[in-house]
**Student:** 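First the structure, which I've put down as structure tokens, then a few questions once you've had a look.
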Amino acid sequence: MLSPAAAAAAAIRAAAGSPSAVRGAHARLLKEGLVHHSPAPAILVSAYAKSSLLPDALHLFDETPRRDLYLYSSLLAAVSHSVSPALAIPILRRMLSADTLRPDHFVLASIASVSARLRSLRLGRQLHAHFVASPYSGDDVVKSSLVDMYCKCGVPDDARKVFDSICAKNSVVWTALVSGYASNGRSDEALQLFGSIPGRGLFSWTALISGLVKAGESVSGVELFVEMRRDGVRIDDAFVLSVVISGAADLAAFVLGRQLHGSAMRLGFLSSMIVGNALVDMYSKCSDIHSAREVFEGIALRDIITWTTMVVGEAQHGRAEEALALFDRMVLAGVKPNEVTFVGMIYACSHAGLVQKGRQLFDSMKQDYDINPGLQHYTCYLDLLSRSGHLLEAEELIATMPYEPDEATWGALLSACKKYNDAEMCIRVADNLLELRPKDSSTYILLSNVYAVNGKWDSVAKVRKCMTGLEIRKDPGYSWIEVGREFHLFHAGEVPHDVREEIMGFLDEMVLEMRKRGYVPDTSSVMHDLEENEKEHHLFLHSERLAVAFGLIKSPPGSVIRVVKNLRLCVDCHTVLKLISEIVQRKIIVRDHSRFHHFEGGKCSCSEFW
DNA sequence: TTAGGGTTAG
């Protein structure tokens, strides 16, 4: 026979997950007068949290007269998994000062999780010091959460030290460290460690593949997924699929992406929201915005990520009207936009010249949704103002905003004042930018061009010196295209031998046709001390042109050409691709560093906003 | 009661 308290605990645990059942259990405890008897409040707090009712859990916590360690650790665990892990800090303070309790191993593990979620190495190290000096310093679960914390905070070497101190290592801690190495760009160590895991399961594979994709090594991620399938690992949940689909998105691997869509269907994960979200993003990044929309419309339950992914997709494809309409639908559906949604929305307005609408959205962030605009929002908003010619207002914004402008902020203003030929402001902004010592080579090129156009040759020399001193070279440009089932990668200035004649012949023919239409090369993006005709030759061999030429030669007549470039399209290539789309009457879509350009009939979807 | 793998921007 169970005691009344034990019976109550069992009833609450059974109710966890269902809000109404947990509330019912709470009401019964109130009636029976058991609600303040430990461990009932602690178990109720966990049950509320598991039913997505954190506010109820916090309320109950405040109402409980005697708060013991059990109650604190339940609440801290709940908060550490919630959307606002930072809430743990005041709770911890209250525990230490108001209730003078010393943290036990449960509390320590939760605080390590909180530090990991907040990416706060300072808090994590403080916690580690407390742990070492505590009576729980041998606890392996706390050590595991410290391993995860150090990985998430970007110091896998510190994680390794804790890992090595664990006597009986289980799959949880192996997985944490593999994920940590991979996502911090240490793929060799991740693979080596992965190879030594006893009994690798789906979790470890997912951690490894996900880490590689996160670190930008999507090719290895996809290869490992193939190996995982060959190994016969059963796909019991949707996580690994969502990860590998996002790898395909990153690579713009359209054929692979469609295959994965098929696999998701066969394996029965098409109704999974995370898979649906990843598919929307994949189609959008593979430049097929219509399929992205089709998948989106088919998703029955949409969360904020579903909506935001679609909004951002429409924005990057330059479809501002669609993005705006989606935003209204989202709000009507009762989904609250987050900070990423607003980045997408302001971006959409910026790239369509919708100044009033963008202004309204920027103001609405704080007023209607209680979201404090971050530096990115200010930069997006400044981009909107300056692109549309409101240069002074944009400069004023930099002076009054509550953040220090960074490279991107000044860069946005610089390209706008260059566009509107405001020489004075150009120099002012360029000087500010040079002070910052940008890391991106394209910024230096922009700077140098601005100084050159304004005859400030001493500053041009200074920029060059800076670049040499910091060993910054122009990032090598490359583009790729998927033809049939194969990828073809093109580097600027390098034409593969086997197709050299065809490509050069095709491009020569295009130049002749283009010149008839008034084309004059714009060599301002070439930063070499070269003669004009040599500069033109450089442009002629830009990677995106080689890839597009290859696609037009090798793909079926009438098919859409989809190319991805690692950098931003240069001004001249933009003009050339518009002309080529008109001459050959084909649709060409280029995904560059920041957006999509749909070239058709001599026009680009970006309407020169890029 | 505590620890690991997931989808959106830059």
**Student:** Please identify each residue that fulfils salt bridge (Lys or Arg N to Asp or Glu O under 4.0 Å) with A:Asp164, with sequence neighbours left out.
**Tutor:** A:Arg160
**Student:** Which of residues 138-149 of chain A sit near DNA chain B, with a heavy atom under 4.0 Å from it?
**Tutor:**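 Those residues whose heavy atoms fall under 4.0 Å from DNA chain B, taken from residues 138-149 of chain A in numerical order, are A:Val141, A:Ser144, A:Ser145, A:Asp148.
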**Student:** NA contact type, A:Val173, heavy-atom cut-off 4.0 Å: base, sugar-phosphate, or nothing?
**Tutor:** nothing
**Student:** Using modelled atom types only, decide if a donor and an acceptor are shared between the side chain of A:Asn184 and the backbone of A:Val155 within a distance under 3.5 Å.
**Tutor:**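 No, the answer is negative, given that no donor and acceptor are paired below the 3.5 Å cut-off.
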**Student:** A:Ser171 near the nucleic acid: base, sugar-phosphate alone, or nothing, with a heavy-atom cut-off under 4.0 Å?
**Tutor:** base
**Student:** Sequence neighbours left out, what passes salt bridge (Lys or Arg N to Asp or Glu O under 4.0 Å) with A:Lys366? Give chain and number order.
**Tutor:**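 By the salt bridge (Lys or Arg N to Asp or Glu O under 4.0 Å) rule, A:Lys366 matches A:Asp370.
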**Student:** Mind checking A:Leu202 for me? I need base, sugar-phosphate or nothing, with any heavy atom below 4.0 Å counting as a touch.
**Tutor:** base
**Student:** Students should find this one: the first and last nucleotides of DNA chain B, 5' to 3', lying under 4.0 Å from a heavy atom of chain A. What are they?
**Tutor:**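 Result: B:dT1 to B:dG10.
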**Student:** Could you list the residues that satisfy side-chain contact (heavy atoms from CB on, under 4.5 Å) with A:Arg94, not counting sequence neighbours?
**Tutor:** A:Phe61, A:Asp62, A:Arg67, A:Tyr72, A:Ala98
**Student:** Suppose we screen for ring pair (Phe, Tyr, Trp, His ring centres under 6.0 Å). Which residues come up paired with A:Phe131, at least two apart in sequence or across chains?
**Tutor:** none
**Student:** Going by salt bridge (Lys or Arg N to Asp or Glu O under 4.0 Å), name the pairs with one or both residues in residues 259-286 of chain A, residues two or more places apart or in two chains.
**Tutor:** A:Asp281-A:Lys285
**Student:** Please work out which residues in residues 298-319 of chain A have a non-hydrogen atom less than 4.0 Å from an atom of DNA chain B and list them by number.
**Tutor:** A:Ile305, A:Thr308, A:Thr309, A:Val312, A:Gln316
**Student:** Which residues satisfy the salt bridge (Lys or Arg N to Asp or Glu O under 4.0 Å) test with A:Glu189, sequence neighbours excluded?
**Tutor:**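 Testing A:Glu189 for salt bridge (Lys or Arg N to Asp or Glu O under 4.0 Å), a comparison that skips the adjacent residues, returns A:Arg186.
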**Student:** How is A:Ser73 classified with respect to the nucleic acid when contacts are heavy atoms under 4.0 Å: base, sugar-phosphate, or nothing?
**Tutor:**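 A:Ser73: base contact, heavy atoms under 4.0 Å.
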**Student:** Is a donor on one side and an acceptor on the other found under 3.5 Å between the side chain of A:Ser18 and the backbone of A:Ala15?
**Tutor:**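 Not confirmed, A:Ser18 side chain does not pair with A:Ala15 backbone.
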**Student:** Touch check for A:Asp237, heavy atoms < 4.0 angstrom, all strands: base, sugar-phosphate only, or nothing?
**Tutor:**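 Base: the residue A:Asp237, judged by heavy atoms under 4.0 Å, touches a nucleobase.
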**Student:** With sequence neighbours left out, what residues match A:Tyr150 under ring pair (Phe, Tyr, Trp, His ring centres under 6.0 Å)?
**Tutor:**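 Testing A:Tyr150 for ring pair (Phe, Tyr, Trp, His ring centres under 6.0 Å), a comparison that skips the adjacent residues, returns A:His128.
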**Student:** Checking A:Asp68 now: which residues fulfil salt bridge (Lys or Arg N to Asp or Glu O under 4.0 Å) with it, not counting sequence neighbours?
**Tutor:**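 Once residues adjacent in sequence are excluded, A:Asp68 has no partner under the salt bridge (Lys or Arg N to Asp or Glu O under 4.0 Å) criterion.
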**Student:** Select base, sugar-phosphate, or nothing to describe what A:Lys50 touches, counting heavy atoms under 4.0 Å on all strands.
**Tutor:**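 No contact at all - A:Lys50 keeps every heavy atom at 4.0 Å or more from the nucleic acid.
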**Student:** What pairs with A:Ser364 under side-chain hydrogen bond (donor to acceptor under 3.5 Å, both in side chains), at least two apart in sequence or on another chain?
**Tutor:**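 Expected list: A:Asp368.
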**Student:** At 4.0 Å (heavy atoms only), tell me whether A:Lys169 reaches a base, stays on the sugar-phosphate, or touches nothing.
**Tutor:**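 If one applies the 4.0 Å heavy-atom cut-off, A:Lys169 turns out to touch nothing in the nucleic acid.
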**Student:** Would you mind classifying the nucleic acid contact of A:Arg200 as base, sugar-phosphate or nothing, using non-hydrogen atoms under 4.0 angstrom?
**Tutor:**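 Nothing, no nucleic acid heavy atom in range.
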**Student:** Have a look at A:His81 and say if it touches a base, only the backbone sugar-phosphate, or nothing, with a 4.0 Å heavy-atom cut-off.
**Tutor:**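 Counting heavy atoms under 4.0 Å across all strands, the contact made by A:His81 is with sugar-phosphate only.
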